[in-house]
Structures are given as structure tokens and as C-alpha cells.
Amino acid sequence: MTINVAPDWWKTLFDEVYLTTDARTVCNHELTCREIDIFCKLISINPDDSLLDFCGGHGRHSLELYRRGYKKCTVFDYSHTLLRVGAENAANLKCNIRFIQGDARNSQLEDEKYDHVMILGNSLGYVPDEKSDFSILSESFRVLRSKGRLLLDVTDGKSVRERLMPIAWHEIGDDVVVCRQREVNNNYIYAREMVLSKKDGLIRDKNYCIRIYEKNYLKELLGAAGFTDVNIFSQNSIAGINEADRGCMNHRLIITACKP
Ligand SMILES: C[S@@+](CC[C@H](N)C(=O)[O-])C[C@H]1O[C@@H](n2cnc3c(N)ncnc32)[C@H](O)[C@@H]1O
């Protein structure tokens, strides 16, 4: 393995640069609407239900859910920057959404408060140790009411293994180029990301890693966290990103599970 990663990389990567480098996915209203269409077909949400958008970044899913009439949304994330951007967007759109900062492994949220916990847009598997996923799923279980539902949307590990391109790059506007070198090692994608401005030079050069999941492992993990009725759906061609990035956000596993 050649790409080394600091254990706390995820505490600093999700900033304004990320909102540019990943804009094709996370600032793409059409894609967010398509995702919400898919999620809403898999779970039934009542307008009065309280929703926790766990590791929700700048709250793009909550904003769209709110727009569709689901008004009890809370976004929880570690990144101060994303939460600030989300709160500004929500204020501009007159959406009354709560934004809370914290670590999802130990969220300090109230017990049994939510009807739905949603971990969307591949937001599990950033803390590079196996115990953290279990902690985040156990927290999800704890804050759900009895009969509450978890919705989890992660990249399809099998597809990543088959399709990931070791080098991928794309341009943003006339100035910015994002280059990624990637490798799969055991159950993680390791990546080096260089972001360059043609005018001003290097913007960022950072390494990160993301856990990838297969169906059986997810079933075991969710069962160990207490969930029942685990259903896993494969969803292909969701992001519509070009071939260079296929295998990351194009092929997803969408999981529903229940707190008894
Ligand atoms: C790829 S982003 C996706 C954000 C959002 N769900 C979306 O689809 O736009 C992953 C998010 O997970 C958050 N995250 C990862 N691990 C976390 C943790 N342990 N506690 C809180 N947030 C976490 C990051 O801060 C980041 O905003």
C-alpha cells in the first residue's frame, strides 16, 4: 500500500473545498431529488415523523425532505463548515431545520427521539477503525423510537472492487482540476486527492480512506447493533457520473432496518 492516512483525516476534509470537489454529487439538486425519490419509495414517512439526517453534511437531503412536507428534520454532522453552509441555505429557503454539531459515535442526542434515522450519501465508514461503524449504528438504534426505521445508503463494495479506476480526474469550471489516485486494500478505498487551480497552484493535497461494504457484512453489523427486518437493495447508475468515477457513487446499497 502506498497511500497513508491520518486517523483523524475526516475531521478536516469536509470543508468548502469538499463542496467544490464533490459538487457533482453533493451540490447537485437533481441528484438529491432522485435520491429522495428512491428513498421515499423504500420507506413510508409521515409528515409528522421526526427525521435525523445523521452525518448529514450540509443537509441537502433534509432540505429536500422539508420542501416535500417533512418538516421535522435535524441534521447532525461533525463538520462546522458544512453545518454553517447548511444553516445558511436553510435560512435562505425559510426551512426550519435544526443543525447539530458532534461525533456520531457518541452523539449526546436524546434516547428514542426519532422516527427515522438516515445515514445517506455514503456517510458511514470514515473513521478508520472497525468499531466506529458499530458505534454509529448503535447510536442510531439508541436515538430511534421503538418501531423506528434506519435508512442507510452506501456505495456498493462489490462494484467498487470491480470498477474503481486507480486514477481519476475532473475539471470544475475553467480553473480547478481535481485529481484522485485510489487503491482498494482489504475493506477500504485509500485515496490521495490533489486539487489544483490553474491560476493559483495547489489548493489541497490530502489522503483519505473510506470503508466499503458488502451485503453480508452490513447485515451482521446491523444485527449486532440490534436492528431487525434488514433489507438491502442494490441501486445502479444513480449518480450518473462519467466512467472515470464509476464504482464510487454510481452503484449503491440502500438498506432499510427496523428497531423492534
Ligand atoms: C460524504 S459526506 C456526505 C454528507 C451528506 N450525508 C450528503 O449526502 O451530502 C460524509 C459526512 O459524514 C460526516 N461524518 C463522518 N463521520 C462522522 C462522525 N463520526 N460524526 C459526525 N459526522 C461524521 C462528515 O463530516 C461528512 O459531512
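Both ligands and their constituent atoms are indexed starting at 1 by order of listing.
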With nothing but distance in play, are any N or O atoms of [X] less than 3.5 Å from an N or O of ligand 1?
X	value
N122	no
I136	no
L120	yes
D53	no

Can you check whether [X] reaches [Y] side chain to side chain, under 4.5 Å on heavy atoms?
X	Y	value
T2	E183	yes
N106	D103	no
V26	Y18	yes
R211	D133	yes

Students should be able to answer this: which protein heavy-atom is nearest to [atom], and at what distance?
atom	value
atom 19 (N) of ligand 1	D103 OD1, 3.1 Å
atom 12 (O) of ligand 1	C55 CB, 3.5 Å
atom 10 (C) of ligand 1	S123 OG, 3.4 Å
atom 18 (C) of ligand 1	W10 CZ3, 3.5 Å
atom 25 (O) of ligand 1	D77 OD1, 2.7 Å
atom 1 (C) of ligand 1	Y126 OH, 3.2 Å
atom 22 (N) of ligand 1	Y78 N, 3.2 Å

Looking at [X] and [Y], does any basic side-chain N land under 4.0 Å from a carboxylate oxygen?
X	Y	result
R60	D22	no
R149	D115	no
E193	R204	yes
R84	E88	yes

Would you please indicate yes or no on a ring centroid separation below 6.0 angstrom for Y126 and Y78? no

Ring-plane angle category for Y217 and Y213, please: parallel below 30°, perpendicular beyond 60°, tilted otherwise. parallel

Ligand 1 contacted by [X] (non-hydrogen, < 4.0 Å):
X	result
H61	yes
G102	yes
Y18	yes

Enumerate the atoms of ligand 1 whose separation from the nearest heavy atom of [X] is less than 4.0 angstrom.
X	answer
V26	9 (O)
G57	4 (C), 5 (C), 27 (O)
L82	27 (O)
A104	18 (C), 19 (N), 20 (N), 21 (C)

Evaluate the salt bridge (charged side-chain N to carboxylate O under 4.0 Å, His left out) criterion for residues R142 and E112: first the C-alpha distance (whole Å), next the side-chain angles of each, then the deciding distance (0.1 Å), finally the verdict. CA-CA 6 Å; R142 182 182 65 74; E112 308 205 342; over 6 Å; no

Check: of Q101, R105, R60, min heavy-atom distance to atom 7 (C) of ligand 1 comes from R60

How close do L83 and D77 get, heavy atom to heavy atom, and via which atoms? CD1-O, 3.4 Å

